[in-house]
Engineer: 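My questions will all concern the structure given below.
Within every chain, numbering begins at 1; the chains are lettered A, B, ... in the order of the sequence lines, protein sequences first and strands thereafter. Just so we're clear, the structure is a prediction, and the values are computed from it rather than from any experiment.
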Amino acid sequence: MTDLTVKLPGMTLTNPVMPASGCFGFGREYSAFYDLNQLGAVIMKAATGNARFGNDTPRVAETASGMLNAIGLQNPGVQRIITEEVPYLAGYDVPIIANVAGSTIAEYEKVAEAFNHTSSVNALELNISCPNVKEGGIQFGADPDMAASVTEKVKAVSGLPVYVKLSPNTADIVTIARSVEQAGADGLSMINTLTGMQMQLSRQRPLLANETGGLSGPAIKPVAIRMIYAVKKHVSLPIIGMGGICTAEDVLEFLLAGASAVAVGTANFTNPYVCPEIIKQLPRVLERYGFDSAAEAIGRGHDE
Amino acid sequence: MTDLTVKLPGMTLTNPVMPASGCFGFGREYSAFYDLNQLGAVIMKAATGNARFGNDTPRVAETASGMLNAIGLQNPGVQRIITEEVPYLAGYDVPIIANVAGSTIAEYEKVAEAFNHTSSVNALELNISCPNVKEGGIQFGADPDMAASVTEKVKAVSGLPVYVKLSPNTADIVTIARSVEQAGADGLSMINTLTGMQMQLSRQRPLLANETGGLSGPAIKPVAIRMIYAVKKHVSLPIIGMGGICTAEDVLEFLLAGASAVAVGTANFTNPYVCPEIIKQLPRVLERYGFDSAAEAIGRGHDE
Amino acid sequence: MKKRTEMTVETVQEVALDTIEMKLNHPYISTAAQPGQFLHVLAEGHTLRRPISIASIDREYGTITILFKVMGSGTKNLAAMKPGMEVNVVGPSGNGFTVQETPARTALLVGGGIGVPPLYGLAEELQRKGIGVKSILGFQSRAHVFYKEKFERIGTTYMVTDDGTLGHHGLVTDILDKAGRFDHYYSCGPIPMLKAVREQLRGHPGFLSLEERMGCGTGACLACVVRAETESGYQKICTDGPVFDADEVIL
Amino acid sequence: MKKRTEMTVETVQEVALDTIEMKLNHPYISTAAQPGQFLHVLAEGHTLRRPISIASIDREYGTITILFKVMGSGTKNLAAMKPGMEVNVVGPSGNGFTVQETPARTALLVGGGIGVPPLYGLAEELQRKGIGVKSILGFQSRAHVFYKEKFERIGTTYMVTDDGTLGHHGLVTDILDKAGRFDHYYSCGPIPMLKAVREQLRGHPGFLSLEERMGCGTGACLACVVRAETESGYQKICTDGPVFDADEVIL
Ligand SMILES: Cc1cc2nc3c(=O)[nH]c(=O)nc-3n(C[C@H](O)[C@H](O)[C@H](O)COP(=O)(O)OP(=O)(O)OC[C@H]3O[C@@H](n4cnc5c(N)ncnc54)[C@H](O)[C@@H]3O)c2cc1C
Ligand SMILES: Cc1cc2nc3c(=O)[nH]c(=O)nc-3n(C[C@H](O)[C@H](O)[C@H](O)COP(=O)(O)OP(=O)(O)OC[C@H]3O[C@@H](n4cnc5c(N)ncnc54)[C@H](O)[C@@H]3O)c2cc1C
Ligand SMILES: Cc1cc2nc3c(=O)[nH]c(=O)nc-3n(C[C@H](O)[C@H](O)[C@H](O)COP(=O)(O)O)c2cc1C
Ligand SMILES: Cc1cc2nc3c(=O)[nH]c(=O)nc-3n(C[C@H](O)[C@H](O)[C@H](O)COP(=O)(O)O)c2cc1C
Ligand code: FES
Ligand code: FES
């Protein structure tokens, strides 16, 4: 029997596959399709200090092997997430990761701190890479010092392991990763979306109301693999890998590159059952390539 | 009759469509498929000071709606290009753009200078964005000061208009574009490839011998459109746009975003006739969306 | 309960310019479906599913009819499907039309272009419930018209075209008063049309079916929100809609 | 001259484990093709074309036979094609085998796995020219073997399998001397095999057919180079090859 267990700071996963933030709401909708207990973990939609409506519509566009989104961090605010959403997910026997966003460092701290008051959340994913909001998000993730500073502040107020979610919109992902490692991050989550745009020919304007959006899906997988591989060489934090994962083979590719676990985003939209289907296939795929366990494959794509 | 003519520094194109550097060799191979006189221009494969062999194989991999390449600037060196390749292309009535690469600023200068000695080359494309060589290439394109410095030096020795080819592997394309504009560039060419990687599951190693490669094809089109749109807002240089173009609709999307002409790369591999096919469709597509000329569409996706 | 499943193509037919009628077989989906709901259809090679309204339901034969206009590559692929092939759908999705039985005796349906299909299934349902149906249907031109006779068989039907090639020359809103008395109205079509219809019919209870670009189609991604007079300030078209009480949403 | 064109699928057949034989019709391609050349085949939905060797040419009926192993998604798509469908190819591509008529009287063919198909077309051509053919064919196991009888009909054929389930248990290079006298050799298969074959047969004139991942398949992108004893120091497999003089390329 292939062992899918993966140990990460703050949680032991029965398998390394979880839905990615923003692509799975707070789990309710997909629980209509399957039993969420099958998942390795769940990453919730971003939480901000107060409720946010997000951007105008249209908020999504399709691209070749991918999509653009500019949701704009719409969410009911951290308090309601804690009172209304976390308890629902806590009814399942699955680790919960809360995605934390903000427009100011103080907001990040406030949101992170709030999650101390629920025993059901296992870890935080610090979203310093959202390309779809005017303030906060990516502006904290583009600069190594800013990234370190948010990480440090959040670590100081939070009792939970913190995974910092990195943006691929940078010339030097390794420097950012190193910087948040030094600032005390417990793990990394990568990658968030690449900033992109689509023009609508009939309107002669950008299709998305927000003009730009975040590119996700299989199109960006090579960028994700490259960045994880590069970061793994220089940083010793565990990595939750994501970007275009659709199949169990993709999962193995991420593990080999250096991810310890993975998140599946866009593929949930194409196929609502994609997570349990991948989890079911994974033992077979690991076996085919000679692995007795998922853990064994982590980082094995590197030399020596 | 829809007018496809586009005027650029150094050349007037009968239509805005040309093959992209590195995807068309020096034209000979594709001349077996069609008459190159149909093209708006031809951008040649990169030239370096001396002959280069390039990277080990495998040099290409397929990705979702795209490909990775790590050719490594293989070319016979600028002298042989001038004596053996340029004369062949000069036999056609099509503007020629020479792609200039180097490992040092001196090499860029040497290559650029060499093209002064042929009357058949209309412009230079300064490749400061090749991700596949250890020295030179992208290292000059990632930093605004370096980018400005190469541009300045090349402008000083060259009698030809210089289009600087930008890398998308940056957090801030606008700053780089502004910087080369101030350094005297006559135009921009964007985008080069995004750095990516693919793991080969059976070997548990990166598939490409060079490990990383440049991601091109439809997958990256949204990134190209976003960058061209952003740069167009802040820089007044004409832009040759590229990244994933496969159809005449794609060409219009690039024009609307702000490109004055476009280059087609990867799509030549899928369909060797793609350039003339696009050129044939373009008048119809421009018409359908209400344009009497290609020039009219340039930058029309912007407000005001 | 919505399911992801394969539906078998029974017939494919071009019923108007670039407009395809497709009959899909699936015992479960056809039993569960309500007029106004949609199928979230996978188009081969595409990341995002395409929402297509359920135009008609035949519970006896286990089929659903959809009608769609060929717009981009997804609907083009779909139009190329042949009888016997399978279409992967998630459905029945969303909340359909609420058919009020009492005291409603007559319903007015106002449809524009590709907003017409869901109204047809509704008309059938209303007829089954013994509710009178009057329809005002707008199309670009005569070539775009479909289902005219089918609506006429159910009730009085007024045709409108943008170019006057069939029926009234102009907009559906030009002739709303022609329809006379009715209890409820149901409308589906482009947003400007819905706005105008709602404005003119203010005072009448009504339902609007909305469209928006979707990500998940299942309520999780918040791509398809519309501002609304609800506590959260919004509704999701894919799960709270696509049909809304006309007074509830802010257009 | 190579062309981009549509070839019509005539037959599709699984001739060994995961190995598909496909007959494609096209008057021009079948007339122009030479053994050892390849078709650069478009697999629906894929960016890069797939190089597949021409395994046999029937000029009379205007067909080309290809044989390919289902590896990834491109060959999987291709394997799903049905008779009557069209395959988009660029071909005939590359330079095929040079068939020397004088003084060669006997040729030795050494093929491994999916390197066997191009040798079959060559064997037919050699036979037509009256040149004797001896073949040594290696496969993973009995289940992977194809065209054994066809080769045997042309000349003496030695079978080798990795697991010994058919013929000699081991490598083709174990039994190269069994073949006895020959004038030229031709070999196609994995690089380690080609290296070993060349090493053992040094002194004999020979030709090797090489494989490499391709971009353009037409000589423009330099994806498929192999180091060679030429002025430029390299050769392009897609246009200078895939068949090279054994002494020319550096493996
Ligand atoms: C609830 C609902 C019901 C619908 N019912 C019908 C129907 O019965 N018949 C019909 O012809 N059309 C209907 N539409 C519109 C239909 O979904 C689009 O025409 C279709 O998605 C276009 O896909 P495409 O691949 O042809 O176009 P593309 O432009 O290539 O599609 C690109 C992306 O944009 C999305 N998109 C484009 N136009 C629309 C649109 N108008 N609404 C939502 N998404 C869009 C596509 O789904 C896809 O994700 C409905 C839309 C919604 C939201
Ligand atoms: C000149 C030449 C002749 C060939 N003739 C045959 C033949 O007759 N029968 C046969 O079964 N195979 C042949 N091959 C190998 C065949 O091209 C690959 O098996 C095929 O491309 C795999 O495609 P895929 O989509 O199934 O695999 P994937 O792994 O999904 O392909 C991904 C990419 O890698 C490329 N690729 C993968 N493996 C190879 C390979 N071994 N060689 C070159 N490119 C590869 C694909 O073309 C594609 O671009 C030949 C290769 C070359 C270069
Ligand atoms: C619709 C949508 C909404 C998203 N929302 C968030 C979010 O709230 N927080 C976050 O950190 N990432 C968000 N992401 C990014 C994903 O979590 C993931 O990093 C990215 O999409 C790459 O993975 P994928 O290619 O599998 O989708 C969102 C992505 C999509 C497509
Ligand atoms: C095989 C290959 C080789 C390339 N070689 C060069 C090169 O020599 N110089 C250069 O500036 N760009 C080179 N490029 C980048 C292309 O010119 C182009 O910028 C990029 O591929 C994006 O366009 P596309 O998506 O249409 O291919 C190369 C791209 C490919 C795929
Ligand atoms: S489409 Fe995702 S919430 Fe409606
Ligand atoms: S594949 Fe492009 S040169 Fe051979």
Side-chain angles (χ1 to χ4, degrees), chain A residues 61 63-68 131 138 141-143 167-172 176 194-206 211-215 217-230 244 246 249 252-257 285 288-291 297 300-303, chain B residues 61 63-68 131 138 141-143 167-172 176 194-206 211-215 217-230 244 246 249 252-257 285 288-291 297 300-303:
Chain A
T63 69
S65 295
M67 66 175 285
L68 292 167
I138 211 168
D143 176 67
S167 168
N169 299 289
T170 169
D172 185 0
I176 309 237
L194 270 165
T195 311
M197 182 186 278
Q198 186 171 107
M199 301 297 303
Q200 190 169 22
L201 302 188
S202 56
R203 283 176 51 245
Q204 298 173 16
R205 294 281 303 131
E211 298 198 345
T212 60
L215 181 63
I220 69 168
K221 196 181 73 171
V223 175
I225 294 290
R226 183 263 293 190
M227 290 189 164
I228 291 168
Y229 188 87
C246 293
E249 280 82 1
L252 178 54
E253 196 180 345
F254 275 77
L255 298 181
L256 293 175
V285 168
R288 188 177 319 140
Y289 293 100
F291 296 102
R300 280 286 289 275
H302 292 255
D303 254 339
Chain B
T63 69
S65 295
M67 65 176 285
L68 292 167
I138 210 168
D143 175 66
S167 168
N169 299 289
T170 169
D172 185 1
I176 309 239
L194 271 164
T195 311
M197 181 187 278
Q198 186 172 106
M199 301 297 303
Q200 190 170 23
L201 302 187
S202 56
R203 282 176 51 244
Q204 299 173 18
R205 293 284 303 133
E211 298 198 343
T212 61
L215 181 64
I220 69 168
K221 195 180 74 172
V223 175
I225 294 290
R226 185 262 292 189
M227 290 188 163
I228 290 168
Y229 188 86
C246 293
E249 281 83 0
L252 178 54
E253 196 180 345
F254 275 77
L255 297 181
L256 294 174
V285 169
R288 188 178 318 141
Y289 293 100
F291 295 103
R300 280 287 290 276
H302 291 256
D303 253 339

Engineer: Do the charged groups of Glu253(A) and Lys221(A) touch, with an N to O distance under 4.0 Å?
Structural biologist: yes

Engineer: Between chain A and each of Ala219(B), Gly196(B), Ser202(B), Pro222(B), count heavy-atom pairs under 4.5 Å; write down the option with the most.
Structural biologist: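 Greatest number of close heavy-atom pairs with chain A: Pro222(B).
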
Engineer: Counting N and O atoms only, with roles assigned by atom type, does the side chain of Gln204(B) sit under 3.5 Å from a partner on the main chain of Tyr289(A), one being a donor and the other an acceptor?
Structural biologist: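 Yes.
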
Engineer: Among all residues two or more places apart in sequence or in another chain, which pass the side chain to side chain contact (heavy atoms under 4.5 Å, CB included) test with Pro218(A)?
Structural biologist: Ser65(A), Cys246(A), Ala64(B)

Engineer: Can you see which heavy atom on Met199(B) is nearest to which on Tyr229(A), and at what distance?
Structural biologist: SD-CD1, 4.2 Å

Engineer: At a heavy-atom separation under 4.5 Å, does Glu211(B) approach chain A through its side chain, its backbone, both, or neither?
Structural biologist: side chain

Engineer: Side chain from CB out, backbone as N, CA, C, O: work out which of these in Leu201(B) comes under 4.5 Å of a heavy atom of chain A, or both, or neither.
Structural biologist: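 Both backbone and side chain of Leu201(B) come within 4.5 Å of chain A.
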
Engineer: So, the side chain of Arg205(A) versus the backbone of Gly301(B): is there a donor-acceptor pair under 3.5 Å, distance only?
Structural biologist: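 Between the backbone of Gly301(B) and the side chain of Arg205(A) there is a qualifying donor-acceptor contact (under 3.5 Å).
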
Engineer: When heavy-atom pairs shorter than 4.5 Å are enumerated against chain A, which of Ala230(B), Ala171(B), Ala61(B), Gly290(B) gives the highest number?
Structural biologist: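 Top option by heavy-atom pairs under 4.5 Å: Ala171(B).
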
Engineer: Indicate the atoms forming the closest heavy-atom contact of Asn169(A) with Arg226(B), along with that distance.
Structural biologist: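 Smallest heavy-atom distance, with atoms named: OD1-NH2, 3.5 Å.
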
Engineer: Hey, which of Ile228(B), Val285(B), Asp143(B), Thr195(B) has the most heavy atom pairs under 4.5 Å with chain A?
Structural biologist: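 Option with the top pair count is Thr195(B).
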
Engineer: If you count heavy-atom pairs under 4.5 Å with chain A, which of Asp172(B), Thr170(B), Leu252(B), Leu68(B) comes out on top?
Structural biologist: Thr170(B)

Engineer: I need the residue from Pro168(A), Gly66(A), Pro206(A) with the largest number of non-hydrogen atom pairs under 4.5 Å to chain B.
Structural biologist: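 Max contact count across the listed options: Pro206(A).
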
